[in-house]
Amino acid sequence: MANKRKKLVLVGNGMAGVRTIEHLLKLAPDLYDITIFGAEPHPNYNRIMLSSVLAGGASMEEIVINDLDWYRENGITLHLGQAVSKIDSDNRRVYAEGGIEADYDELIVATGSDAFILPIPGADKEGVIGFRDIKDCVAMQEASRKHKKAAVIGGGLLGLEAARGLLNLGMDVTVIHINEYLMERQLDRPASIMLQKELEAQGMKFLLKKQTEAVLGKQRAKGLLFKDGSMLEADLVVMAVGIRPNVALAQRSGLAVERGIVVDDYMRTNVPGIYSVGECAQHRGIAYGLVAPLYEQGAVLAKSLAGVPVDGYAGSVTSTKLKVSGVDVFSGGIFVEPEGARALRYQDEIEGVYKKLVIMENKLIGAVLFGETGEGASLFSLIKSGESIAGREKELLLGLPADALASGGGGSGTARLEAMPVDEIVCGCNGVSKGDIVSAIEGGCTSLGQIKGCTKASASCGGCKPLVEGLLQIYAGDDVVTVKEGICGCTTLSRDEIVADIKRMGLKTVKEVMNVLEWNNDEGCSKCRPSLNYYLGMLFPAEYKDEKESRFANERYHANIQKDGTYSVIPRIYGGVTSPTELKRIAEVAEKFDVPLVKFTGGQRLDLLGVKKEDLPGVWEALDMPSGHGYGKALRTVKTCVGSTFCRFGTQDAMGMGVRLEKAFERMNAPAKVKLAVSGCPRNCAEATVKDFGVVAVDGGWELHVGGNAGIHVRATDLLGFVKTDDEVEEWASAFLQYYRENATWNERTAPWVERVGLDHVKQVLSDEAERKALHKRLRDTLDRTVDPWKQIVNEPELRKNFERLPAAEVVSVSAADRNDRKEEESA
């Protein structure tokens, strides 16, 4: 006679509890009859993806982890929309609010957490909600159709995710944070400031060091009152100030509760037969809110329930990977250095990159990455392993090729992945281990898409994608199937396919492209809209009208937004050469408008920092100088040395050539920012060999260099060739830049583009005189149709209105970046 199955009941149908069941079914599929109670009317879904649902980038169906068929196939009794109200631990029975009862031999309490709502006057008004589940997403989506101003209280991970979704819904979003910088639990101050600057450029506003006193309004929220007496208008208030473990059921049932349900290393509560995992559990004084530790808890409990020997759960070293509208952030371990530790930092504000490593006793104990987070998984592995990094500190800080980093700084990445323990987590968002991925590959998954479908690895933030692809190469070998991915999640089409279809079908607007080419998201996203806007302008310079609403705040206002909401103004100074008249004018403008700081940039330009938004047109008008385009994906500067005009080593007129090139290419839009330089001799004082296009004077002519980058990944230029005359320099430069404009993907600098297409290919194209002259002509035709945006705004009252002082109700906001409100622009 077969052994009678024991009865296992799970209270809570969330990620942590169901993950425990998944492990248990693999270890002991026939040991238990399983019953699950879920308070929500949905199957198990990925809460990490709620912001995508909120923004319309994913549907409810797309974020479901286990659909209803999975429960049926595994013989699980599922009660949806049934919150358990009582646990009778003496008789081992649970009671749901709908009258359903279930007996248990073993019980798992995984009731998760609730959004913490501030106990302030007005918090119960209509229009005040948390951000915790699908119901909250639906409420915010409905609010966005009727209302326009949203306030998100809380500048942590959850608050920024909510703000991103609301921005994409077309709302004017202000984030209120009680601390002096954002995400202080995951980031240090420099990384946080860089994050804030990036988010402001995308239209998000911030009020920092603000404490909310009350929600204003009668029945519905109309605004917020702060402790300092200031106010903010808002008709939707989202509280994202933290989570509170849902322990009400545990307290009523006699379980030991502090902040969360107290558990030991085997996830046992103080009541026999009852366990707890997830955000409701408190282990060694800590209640975790990130998914990776919760999955680790579930793996330990599953083994314990299956009778498999297991070391107890000893707590987790946590990491966070965040991507908000293209902003990449990573932190892991202890990122604020304790006594006895040392910190190594790298910061490049031009490229938007920041790195910090915290080291103690030659071991990496914490890391923060901003802008470039590809090394996060490898660094986190070093944090967890505790191995010595003595002698490798600089390599780890400055970055190594991915293959070397994956091996910990030496050897091959393949060796690192092969040596990785099978239970090491590869995908922190979904708790997928190396063993899970290898098993999926052995089971027939031979593409990244199939791995996503089987295990969910790389299906959320995508940060683990390189590791997953590496495992595929190792364990699938020649059977690996490469599947093309689109320019963003809105389409499966590549850049080349999109450009070809635009040309073939004569598509002339962003909306038309998205409609005809069957975009998944009718409104597009922050990746595809700017790229389509660029491709259309590049292909049809005479007919296409630039869509301002598809650009970020910096490019819409033709100035760089700063962290305090003011702007930076960089006038065009051709070749870095100015005059006493220009200098006096700049000084007079700075005095007239009380500009706090005037600074020389790295590209030999003067930068007026701290200009108020409403003062921008007045500053431009008084300067009477062209825009330096220091804010856009365009030609920034042409840096020069004094050349033969003054220098005893100079062989050519570097300043004259620099001025000529800058005048030739000013106002040139490009897939990414473009920088040029002209050096008057091979001593290269203008650093021409780390620029997108560099010109170096030699005896009898000029060397032409391409594809350089002076950012974090320094790349010296490749020698394109040698020309004798100034006209040839301009023609070759023009042809190179136009060929790059026509063939690079959006956001791709010339350095990776040249590496991708190959220098020989570029030489071959440009060596054809007819093609070179045709490219030169196409660029000239485009630039001849451009106008200086500063002069245009100064001279057109309708455009100038966009810079008028905000109404008093809105002045409270410290950010001068308006939202990228597509819906209003399209309906106007």
Side-chain angles (χ1 to χ4, degrees), residues 8 10 15-32 34 36 43-46 48-49 58 61-76 78 291-292 294-296 298-303 305-310 377 381 406 413-485 492:
L8 173 66
L10 169 63
M15 296 173 69
V18 177
R19 185 66 174 199
T20 305
I21 300 300
E22 289 178 343
H23 278 295
L24 182 59
L25 289 171
K26 293 175 183 177
L27 296 169
D30 301 317
L31 190 57
Y32 293 95
I34 301 172
I36 299 178
N44 175 232
Y45 63 87
N46 189 343
I48 296 171
M49 300 294 287
E61 291 72 24
E62 288 175 302
I63 70 168
V64 167
I65 298 174
N66 298 295
D67 59 20
L68 295 176
D69 289 338
W70 176 83
Y71 295 88
R72 284 192 289 266
E73 290 164 2
N74 287 284
I76 297 171
L78 175 64
V291 69
L294 311 185
Y295 281 168
E296 291 173 12
V300 169
L301 177 55
K303 290 178 181 178
L305 291 172
V308 175
V310 59
S381 178
T414 298
R416 163 73 181 92
L417 290 172
E418 287 176 338
M420 180 188 291
V422 293
D423 60 351
E424 182 170 328
I425 298 296
V426 173
C427 176
C429 293
N430 296 294
V432 185
S433 67
K434 173 190 173 181
D436 296 329
I437 295 170
V438 173
S439 295
I441 295 169
E442 292 173 347
C445 294
T446 56
S447 71
L448 182 65
Q450 289 176 330
I451 293 293
K452 285 182 182 179
C454 292
T455 68
K456 303 292 182 181
S458 78
S460 295
C461 78
C464 62
K465 180 181 174 183
L467 295 177
V468 176
E469 289 176 332
L471 292 171
L472 267 169
Q473 292 294 333
I474 294 170
Y475 295 100
D478 295 336
D479 294 329
V480 172
V481 177
T482 302
V483 179
K484 172 181 66 66
E485 293 190 5
T492 59

Side chain to side chain contact (heavy atoms under 4.5 Å, CB included) between Ile48 and Asn46, worked out: CA-CA 5 Å; Ile48 296 171; Asn46 189 343; 3.1 Å; yes

Intermediate values then yes/no, side chain to side chain contact (heavy atoms under 4.5 Å, CB included), Ile65 and Trp70: CA-CA 10 Å; Ile65 298 174; Trp70 176 83; over 6 Å; no

Val18/Asn66 under side chain to side chain contact (heavy atoms under 4.5 Å, CB included): CA gap, chis, key distance, verdict: CA-CA 9 Å; Val18 177; Asn66 298 295; 3.3 Å; yes

Candidate pair Met15 and Leu294, rule side chain to side chain contact (heavy atoms under 4.5 Å, CB included), full reasoning: CA-CA 8 Å; Met15 296 173 69; Leu294 311 185; over 6 Å; no

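Here the straight-line distance linking atom SG of Cys445 with atom OH of Tyr475 works out to 15.5 Å at 0.5 Å rounding. Atom CG of Asp436 sits about 11.0 Å away from atom CD1 of Ile441, to the nearest 0.5 Å. Atoms CD and CG, on Glu296 and Leu301 in that order, are 14.0 Å from each other to the nearest 0.5 Å. Distance check: Thr20 OG1 to Leu25 CG gives 11.0 Å after rounding to the nearest 0.5 Å. Remark: Glu469 CD to Ile437 CD1 distance equals 11.0 Å, nearest 0.5 Å.
In this structure, Ala302 and His23 approach most closely via the heavy-atom pair CB-CB, 3.3 Å. Closest approach of Val426 to Lys434, counting heavy atoms only: CG2-N, 3.7 Å.
For the side chain to side chain contact (heavy atoms under 4.5 Å, CB included) with Leu10, the qualifying choice from Leu78, Ile36, Ile76 is Ile36, the only one to do so. Of the options Leu472, Thr446, Leu471, a side chain to side chain contact (heavy atoms under 4.5 Å, CB included) to Ile451 is made by Leu472 and by none of the others.
Taking Leu8 as the reference, Ile21, Leu24, Tyr32, Ile34, Glu106, Ile108, Leu305 meet the side chain to side chain contact (heavy atoms under 4.5 Å, CB included) condition, with sequence neighbours excluded.
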